[in-house]
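Chain identifiers are assigned alphabetically (A, B, ...) following the order of the sequence lines, protein sequences preceding nucleic acid strands; residue numbering begins at 1 within each chain. On a predicted model such as this, the values are computed, not experimentally measured, just so you know.
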There are 2 protein chains.
Amino acid sequence: MKRPTIADIARRAGVSKGAVSYALNGQPGVSEATRQRIIAIAQEIGFNPNSAARALSGATANAVGLALCRPARILGIEPFFMELISGVEAELSARSYALTLQVVADQEAEIAVYRRWWGERRVDGVFVCDLRVDDRRVPVLEELQLPAVVIGGPGHTGSLASVWADDAAALVETMEYLFALGHRRIARVGGLPGLLHTEIRRQAFVDAGQRLGLEQSVTVPSDYTGEEGARATRRFLSSSGRPTAIIYDNDVMAIAGLAVAQEMGLAVPGDLSIVAWDDSALCQLTHPPLTALGRDIPAYGAHAARQLLAAIEGKPIGAYQDETAHLTPRGSTAAPRPV
Amino acid sequence: MKRPTIADIARRAGVSKGAVSYALNGQPGVSEATRQRIIAIAQEIGFNPNSAARALSGATANAVGLALCRPARILGIEPFFMELISGVEAELSARSYALTLQVVADQEAEIAVYRRWWGERRVDGVFVCDLRVDDRRVPVLEELQLPAVVIGGPGHTGSLASVWADDAAALVETMEYLFALGHRRIARVGGLPGLLHTEIRRQAFVDAGQRLGLEQSVTVPSDYTGEEGARATRRFLSSSGRPTAIIYDNDVMAIAGLAVAQEMGLAVPGDLSIVAWDDSALCQLTHPPLTALGRDIPAYGAHAARQLLAAIEGKPIGAYQDETAHLTPRGSTAAPRPV
DNA sequence: TGTGCCTACTCAACCGGTTCAGTCGAAATC
DNA sequence: GATTTCGACTGAACCGGTTGAGTAGGCACA
């Protein structure tokens with residue numbers, strides 16, 4: 001089946017290729033009558049502009065890129081990326097931009113992908129996920145002058161645009177909530193060390209612990225998997241002066257932690273309170289349901305997409321602060337049992 | 001920053017554009033010495049072929065498309081797609097093909113996306129997920145002659161290539177396992193009605209129920225969410241002559257079902273055995289851990305990608321049967337308590 | 001009547017690759 | 001020594017859009 005081109009339309013309308021291009025792109029240079037006639041013909045024969053030809057002449061590929069740097073195993077576990085993608089998509093497809101996805105092994109590979117995309121002119125801009133402290137990807141993107149939106153922050157984004165949420169505030173809110181319940185020994189199972197948001201949460205945890213004058217506030221890193229969450233929980237719970245509350249950096253680890261506590265004969269929330277970051281459907285399915293920090297991830301993705309499209313259009317953009325995660329108290333948190 | 005082109009390489013090497021093209025693509029027509037010299041220059045200046053120009057002259061876009069037709073909420077819940085994507089990606093990026101993703105609202109929108117992609121020459125082929133009975137997308141793709149691999153089946157794939165797994169066999173294995181344990185009243189919470197694999201599993205369930213001469217074998221559809229899983233479970237468990245085992249079409253519903261059973265004071269596995277389809281990390285985190293039907297989804301995606309790349313190269317391909325899901329017995333299944 | 005200006009186009013170059021039809025010189029064949 | 005053959009390479013067309021320069025015709029104004 002032969003694909004129709006503007007030459008076909010031009011022939012049928014009895015005008016030149018140029019006139020067809022002007023007409024279909026809403027440019028001046030054709031009369032309204034001719035424009036309507038051309039649009040009608042284009043619709044009739046089901047014309048779609050060849051994206052390659054368009055990208056070759058104009059500078060825009062009408063596509064943006066997203067590189068994910070996580071092992072397959074973890075990508076599956078975390079609803080975060082899929083929700084983010086669906087939010088991004090909603091915004092992009094409204095403007096008929098395509099999303100090009102690539103799963104990479106490490107930062108070096110990711111940088112290579114950016115360079116390749118840039119060289120191939122395959123994308124007009126990219127999203128940067130999992131921002132790190134002094135992220136090496138940032139200077140590369142600045143050098144390439146490839147429009148980019150960093151999903152994360154604040155800080156360490158260089159001159160790139162960004163979308164971020166105030167995780168520190170959300171963590172402090174959680175700490176104060178646990179403190180108000182009477183908890184004085186609080187532990188935390190963090191995410192991958194090196195990721196900026198892990199670092200920000202860790203710092204906020206330590207600071208809040210000091211400010212509130214907690215007896216104990218320990219935090220350990222992990223890798224988001226249930227196994228790691230279980231291991232960390234086991235270690236916390238078998239230490240002397242064990243914590244009465246644990247905050248987990250994602251829901252999967254919190255669920256694993258809940259299982260470990262119950263296995264060890266501890267009552268939740270009687271002996272141990274549990275808070276999960278990321279409020280997915282899973283948090284409501286456990287026994288007891290998990291108190292969780294949640295926010296609208298698809299909306300976060302949509303904001304990021306809007307920022308990126310603006311950046312591609314050359315508009316000056318900066319950092320956009322998304323809503324702060326809010327705490328939904330459920331059955332997994334309560335006052336600690338008096339000793 | 002100016003992107004290097006083959007013209008730049010040609011100038012530096014003192015040859016024509018054509019010679020550079022031959023050299024870089026491994027075509028005959030240049031001497032080995034010249035080829036090496038050109039490759040060295042290309043590497044030195046960091047050359048990447050402009051994908052638009054390549055797509056415009058050759059017919060290949062070096063990209064394939066995947067349209068997902070599920071609401072954002074459900075996409076996030078299910079690890080399936082993310083795992084599938086990471087498997088697909090592994091295969092594609094090895095051949096430096098890009099994956100273009102699009103989330104669509106319904107089948108009509110998906111068909112429109114295929115037509116647009118085809119018209120825009122944006123992709124060389126597509127993956128078709130969530131195959132339905134008499135799927136309307138199949139004839140459209142046949143008409144467009146757009147290379148496609150259907151992920152699902154068997155059957156209803158028309159002349160398109162496909163990758164499938166024998167879900168019926170896996171379901172029968174599960175039924176026989178439960179039967180051997182002593183279960184005679186088995187229920188099933190299925191997936192979205194209309195999806196072919198839901199239909200295949202339902203039919204296999206009904207057939208096996210009859211063949212084994214079960215006292216009861218009821219199956220209801222759902223939408224994969226925990227809420228629906230919980231609702232269906234509640235209805236099953238409050239009926240007279242309630243089932244002693246329930247098979248769920250995904251892990252999230254199984255976990256929700258487990259919670260419901262425990263809420264209603266039923267012991268798992270004593271009063272109720274539970275089997276989940278899709279063996280994610282979650283299945284091992286519950287109490288008791290869930291007996292589950294699992295298989296290697298990233299590998300499934302990789303096979304699909306290989307099939308699609310072969311189809312794009314014009315090789316004749318048919319249906320590829322992937323491994324059948326295998327049952328991993330865990331703590332959620334046991335012999336039913338004698339009445 | 002000539003000049004200026006605007007509208008509505010046409011024409012051709014251009015983007016950066018691929019590919020086919022030649023060309024040129026050297027080696028092989030008779 | 002003339003002819004054929006072949007390898008190595010050049011030149012130009014081509015893919016399908018976009019875009020700037022050029023132009024014909026109409027109308028207004030002095």
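Proximity of A:Asn50 to B:Leu56: side-chain heavy atoms (C-beta onward) are separated by under 4.5 Å at one or more points.
Residue order along DNA chain C, read from the 5' end via each residue's closest nucleotide, puts A:Val30 first among B:Ala7 and A:Val30. Mapped onto DNA chain D by nearest heavy atom, B:Thr34 and B:Ala53 fall at different nucleotides, with B:Thr34 at the one closer to the 5' end. In terms of position on DNA chain D, the residue among A:Ile6 and B:Glu32 whose nearest nucleotide sits closer to the 5' end is B:Glu32.
For the pair B:Asn50 CG and C:dT18 C1', the interatomic distance rounds to 13 Å; values are reported in whole Å. The distance between atom CG of B:Asn25 and atom P of C:dT19, rounded to the nearest whole Å, is 8 Å. Atom CD in A:Gln27 sits about 15 Å away from atom P in C:dA8, given to the nearest Å.
Comment: A:Glu120 does not engage B:Arg54 in a salt bridge, judged by the lack of any side-chain N to carboxylate O separation of less than 4.0 angstrom. With respect to the salt-bridge test (charged N to carboxylate O, under 4.0 angstrom), the residues B:Arg95 and B:Glu313 qualify. B:Arg306 and B:Glu91 are joined by a salt bridge, as a carboxylate oxygen and a charged side-chain nitrogen come within less than 4.0 angstrom of each other.
Protein chain A contacts DNA chain D from D:dG16 to D:dG20, reading 5' to 3' and using non-hydrogen atoms of the protein with a distance under 4.0 Å.
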*With side chain to side chain contact (heavy atoms under 4.5 Å, CB included) as the test, would you mind laying out the steps for A:Trp164 and A:Asp322 before giving the verdict?*
CA-CA 6 Å; A:Trp164 64 285; A:Asp322 203 68; over 6 Å; no

*Tell me, with the steps shown, if B:Arg136 and B:Glu108 meet side chain to side chain contact (heavy atoms under 4.5 Å, CB included).*
CA-CA 9 Å; B:Arg136 287 204 310 287; B:Glu108 288 316 306; 2.3 Å; yes

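For B:Ser21 and C:dT18, the shortest distance from a side-chain N or O to OP1 or OP2 is below 4.0 Å.
Between the CZ atom in B:Arg11 and the CG atom in B:Asp8 there is a gap of 5.0 Å [rounded to 0.5 Å].
With sequence neighbours excluded, the residues forming a side-chain contact (heavy atoms from CB on, under 4.5 Å) with B:Val140 are B:Ile111, B:Arg115, B:Leu144, listed by chain and number.
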Dump the pairs, protein N or O against N or O of nucleotides 10-14 of chain C, anything under 3.5 Å, distances to one decimal.
| unit_1 | atom_1 | unit_2 | atom_2 | d |
| --- | --- | --- | --- | --- |
| C:dT10 | OP1 | A:Ser16 | N | 3.3 |
| C:dT10 | OP2 | A:Ser16 | N | 2.8 |
| C:dT10 | OP2 | A:Ser16 | OG | 2.6 |

